[in-house]
Amino acid sequence: MKEKNLLGQFYTPRPVAEFMINWVLGEKGDDILDPAAGLGVFLLAGKKRRPNLRITAFEIDKQTCKNLSENCHFDFNLKNQDYLDSVLDEKFGAIICNPPYNKFQQIPKRKYYNKLFKENYGISLSGYSNLCVYFLIKSVNELKANGRCCYILPYEFLNTGYGETVKKYLLDLKIIKHIIKFDSRIKLFKDAITTSCILCLEKSDNGYIDFINVYDLDELEDFPKNATRLAIGEIDFKEKWLNYFNSEKRAYVCNNLVCLSSIAKVKRGIATGSNDFFVLSEEKIKAHNLNRSACVPCVTKSQNLNCCILTEEVFRRLAEKNKKMFLFDGTKALSKGDFDYIAYGESRGCDKAYLTSHRKPWYSLEKKDSAPILISVFNRGKLKIIRNEAKAKNLTAFHGLYFNGNVTEDYINIFYCYLITPAAREILKRHKREYGEGLDKFEPNDLNNAMVLDMKAVSQSDKEKILKIYGLLKADNNQSHIIELNEIFEKYIKT
Ligand SMILES: C[S@@+](CC[C@H](N)C(=O)[O-])C[C@H]1O[C@@H](n2cnc3c(N)ncnc32)[C@H](O)[C@@H]1O
């Protein structure tokens, strides 16, 4: 990873910095702290707005500090050190920050910070926390009474597991005034795949939070108005706060829903550690003279599937088109071709990859049954949901949905028909993670925690109709059948 990215050096665009500075200084703010100053965009905007502003700034990187001093021709207190373990002997009327956004794997001092934060601020942060939330928690504790704090952050933390502790901490302090969410099409940071939000905090007893959508940067010229105001008591730290930004969605009350995990478990697909070696097309199987019983049918890529129902016939046609539809399972090696292929993999270092070097033997596959329903992990717009009649295995491009206990094929088909309806997708979408530029992701637990229609609510006569439609969909893959299915299921969900 480039050093720039390790330090989280993504600079705030000027209109956003000016909006944040205007809000955080308000009418009278005269002192400010920037815990991650970079090239000083906030300092310049602050001095412009209030020439007598007293500034304290942290920047860990020596060269960036030098550039910062050259950029800012005024006196300020610059500290070239790690903000997170610094000890400050004063509190501030205003704190503004665009912190580094580093995933937990990229925080070498994670354990040290976690211990420090437990001791200093009484918060046990999850080991999966993004670096930015450490900055936020420290800053909240360095505010004067009635002081304001404004942070720009990846919006993801409002919707992920590790964010729950942070949301609870901030809710208990009643410190959040506004959360401004940028539409996922607004790309604020070059090269960073993330949707951003601005947290506006004030150390006073706030009884409600405004959830504000911004669709265009021009809306920041005035304070954006597109808000949903919720009382603190209505806000649950365990919910994905994505749902609070749109009051219409909240008004859409659903009936007969149960948690998906009470019906099935969603699990990630097979990670091979060396797709070049394990993933096979027909041509490759023939070229290496591999024995068929060592070639396991598998969905390797989301792009390979444009159907709803993956029948054996559809699978066969894809394989004939030379799509990569098989995995090599070296533990089933029988022929000379198979053993030569294993040796060929070793000659190319495929046994030395992280996952293969930790697996015994390196050429075996993760043990996972084929899943009856597959759900794509990354999506632009629409989730791909596949009924896997062909009983193919799946790589990590899809999650597999496994039913709890024994269920009949009819039950699976009816449940599948429900999942592909717009009504079901709308409810599932509440659990998605937005990665910016329209890219959404579901982790297995996002889906496990999602709500779905309880099939027990569906009448016997409707179940028969649904199975007939399933048969038609299988025969012609015509999407108009999904509209018919939606009409049937929607009446059980909507009040
Ligand atoms: C996302 S950039 C933001 C810079 C600037 N405030 C802006 O908005 O354009 C974060 C900055 O924090 C610095 N940084 C990273 N870790 C830090 C730490 N532990 N203490 C202080 N600064 C840090 C990085 O070098 C980087 O310049």
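Order of listing sets the numbers, starting from 1, for every ligand and every atom in it.
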Q) At what distance, to the nearest 0.5 angstrom, does OG of S129 lie from NZ of K103? A) 13.5 Å
Only heavy atoms of [X], strictly under 4.0 Å: list the atoms of ligand 1 that pass.
X: V41; result: 7 (C), 8 (O), 9 (O)
X: D82; result: 18 (C), 19 (N), 20 (N)
X: F135; result: 17 (C), 18 (C), 19 (N), 20 (N)
X: P35; result: 21 (C), 22 (N)
X: Q81; result: 20 (N), 21 (C)
X: A37; result: 4 (C), 5 (C), 6 (N)

Q | Passing option when D446 is tested against K240, K441, R268 for salt bridge (charged side-chain N to carboxylate O under 4.0 Å, His left out) | A | K240
For [X], is the nearest heavy atom under 4.0 Å from an atom of ligand 1?
X: P99; answer: yes
X: Y101; answer: no
X: A17; answer: no

Please indicate whether any nitrogen or oxygen in [X] is less than 3.5 Å from any nitrogen or oxygen in ligand 1.
X: E59; answer: yes
X: F42; answer: no
X: Y113; answer: no
X: T64; answer: no

May I ask you to check whether [X] and [Y] place their ring centers less than 6.0 Å from one another?
X: F277; Y: F328; value: yes
X: Y121; Y: Y169; value: no
X: Y83; Y: F135; value: yes

Q: State, with a plain yes or no, whether a side-chain heavy atom of V266 is found less than 4.5 Å away from one of F442.
A: no
Q | Student check: side-chain heavy atoms of L201 and I95 closer than 4.5 Å | A | no
Q) After noting the C-alpha distance and the side-chain angles of Y155 and F182, does the key distance pass the ring pair (Phe, Tyr, Trp, His ring centres under 6.0 Å) rule? A) CA-CA 9 Å; Y155 158 73; F182 290 95; over 10 Å; no
(Q) As a check for students: among G40, S86, A36, P13, identify the option with a heavy atom nearest to atom 4 (C) of ligand 1. (A) A36
**Q.** Of the listed options L131, D34, T12, closest to atom 8 (O) of ligand 1 (non-hydrogen atoms)
**A.** T12
Q | Atom OH of Y128 with >12 non-hydrogen neighbours under 6.0 angstrom | A | no
Q. Pick from I96, D31, I32, D30: which one makes a side-chain contact (heavy atoms from CB on, under 4.5 Å) with L25?
A. I32
